Amino acid sequence: MKIEERIARRQRADDAVVPEYDAINPVVHLSEPVGRGTAVEQLLDVVLPTTTAQPTDGYVWGPKGAGKSAVVRPLFEQLRRLLGRSENRLYTSTRAAPAPNVRFVYVDARRAQSAFALLHTVVDTVIAESIPRQGVGRAAIVKRLTDHLAGTNRQLSVAVDHVDEPETLSTDAVFEQFDAFGDAVGCLAVGRDAPRETVVSNRPDTETVHINAYTHYSLLEVLTSRVADGRLRTVTTDEQLTALARWAEGDAHDALAALFGAGVTAEKRGCDRIGPAELATGMEAVPQPCVALGRVVSLPTTRKRIVRQLLAVAEADRSSVGTAADAISDAVDLSRATIERVLYELAESGIIRRVKTGETTATGRPPSRLEPRFPTLVFEHLETEG
DNA sequence: ACCTGGTCCCGGGCTCGGTTTT
DNA sequence: AAAACCGAGCCCGGGACCAGGT
């Protein structure tokens, strides 16, 4: 590429309404969470206790968009970076009482949806040599991890994010996976349900950490810092961000999704910055209530293709599951029956919604209209650009 | 030491026919 | 009665592991 082209590209990027989409992407988290100092401290009490040597089990809970992942993920990244390399610290001179050798692993349950997949990702990140994803039984994976831990005082602290979602493992199942390893493995599950509604209530040794929804002010702080990071060209007044924060009611996911949608819209319309009209469109593209975008993004590829085609299909064709399946089957290389089945499953898990239409003209059970329950503009942008 | 067929593993595509709802 | 709905199992691809034969 010529230098001239490179310069031109830079200028274009600098000119863009949203130079850095990742900064306002609801599924991407900052390396330093904003305004969550107490939560970090509470988590450190669980994960890095100064009194006991063993990693403790824990359960983090709070509503969608409260910043659970935004805190836990970077925290575990840093712990891994700062404490994870103690493997290499030699204690040859005196072999007595080596410091506990604890490693930190963050797993997104949306990316590891079965017990096998969970164990596999843990073992794969902990053990140097790559281990097979197929063809080997669960027992083999467990043995690998057991053997590894049986070495020199090795311990593991695993954070499992997004438990108890329709597509992911239950808290129960997650803890169960690591119980077999005893004190060597501590597990920190991250979910939305109150502890008393989950298996956690039967586990007295499990520490719980509650993360509340953002207050209006703290959400505003999050948005402001994200906007600055993304060098976002938005209207000069803070008024709109304030309105956005109020609209989102403490849900950072929804606020960022709307902002992202507004950015996409502004670029589509050829505006030089995000204005009130674009922001309104962005908010419209985030249905209420809204499913976390991360759930949709981590769907298997064919399912994502079906979702994308559903958005592309004409409004009229979405008026029943059957017609939607027909329309989608023109664009996707899957049988109509399969598409229909998938649509029903997506509806059951809440990613799309079936709305009863009043039409009872024809005989038989009336059809239901399909509408997306996730941030459509963000999804479309991530799917087509990514 | 190297092939080769048999068997088992996981995940996701796919289908069918029974049930529910109007 | 007809259409919408959905539970549940089959199938298959891509692999590993394990003989047993050459």
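None of the values given here were measured: they were computed from a predicted structure. Just so it is clear: chains get the letters A, B, ... in the order the sequence lines come, proteins before strands, and each one is counted from 1.
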Do the charged groups of [X] and [Y] touch, with an N to O distance under 4.0 Å?
{"X": "A/Arg144", "Y": "A/Glu129", "result": "yes"}
{"X": "A/Asp164", "Y": "A/Arg192", "result": "no"}
{"X": "A/Glu371", "Y": "A/Arg354", "result": "no"}
{"X": "A/Glu167", "Y": "A/Arg110", "result": "no"}

Length of the line joining [X]:[atom1] and [N]:[atom2], which is rounded to integer Å:
{"X": "A/Arg336", "N": "B/dG13", "atom1": "CZ", "atom2": "P", "value": "18 Å"}
{"X": "A/His120", "N": "B/dG11", "atom1": "NE2", "atom2": "C1'", "value": "13 Å"}
{"X": "A/Lys304", "N": "B/dG13", "atom1": "NZ", "atom2": "C1'", "value": "17 Å"}
{"X": "A/Glu129", "N": "C/dA16", "atom1": "CD", "atom2": "C1'", "value": "15 Å"}
{"X": "A/Leu118", "N": "B/dC10", "atom1": "CG", "atom2": "C1'", "value": "15 Å"}

Any side-chain donor paired with an acceptor under 3.5 Å for A/Asp330 and A/Gln309?
-> no
Does the side chain of A/Ser69 come under 3.5 Å of the side chain of A/Asp161 through a donor N or O and an acceptor N or O?
-> yes
Whenever both distances are under 3.5 Å in a Watson-Crick or G-U wobble pair, mark it; put DNA chain B into dot-bracket that way, with [ ] for crossing pairs and | when the partner is on another strand.
-> ||||||||||||||||||||||
Looking at A/Ser335, does any N or O in its side chain come under 4.0 Å of the phosphate oxygens OP1/OP2 on B/dG13?
-> no
Test the A/Arg81-A/Phe76 pair against the cation-pi criterion, namely NZ or CZ under 6.0 angstrom from the six-membered ring centroid and within 45° of the ring axis.
-> no
Quick one: does NZ or CZ of A/Arg203 land under 6.0 Å from the six-membered ring centre of A/Phe175, within 45 degrees of the ring axis?
-> yes
Parallel, tilted or perpendicular for A/His381 and A/Phe260, by the 30°/60° rule?
-> perpendicular
Given protein heavy atoms under 4.0 Å, the one-letter contact record of nucleotides 2-8 of chain C, with B base, S sugar-phosphate only and - none, is simply BBBBSBB
Please work out which residues in residues 132-146 of chain A have a non-hydrogen atom less than 4.0 Å from an atom of DNA chain B and list them by number.
->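 Contacts with DNA chain B under 4.0 Å: A/Gly135, A/Val136, A/Gly137, A/Arg138.
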Answer yes or no: does atom CD of A/Gln288 have more than 12 heavy-atom neighbours from other residues, nucleotides or ligands under 6.0 Å?
->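 Above 12, so yes.
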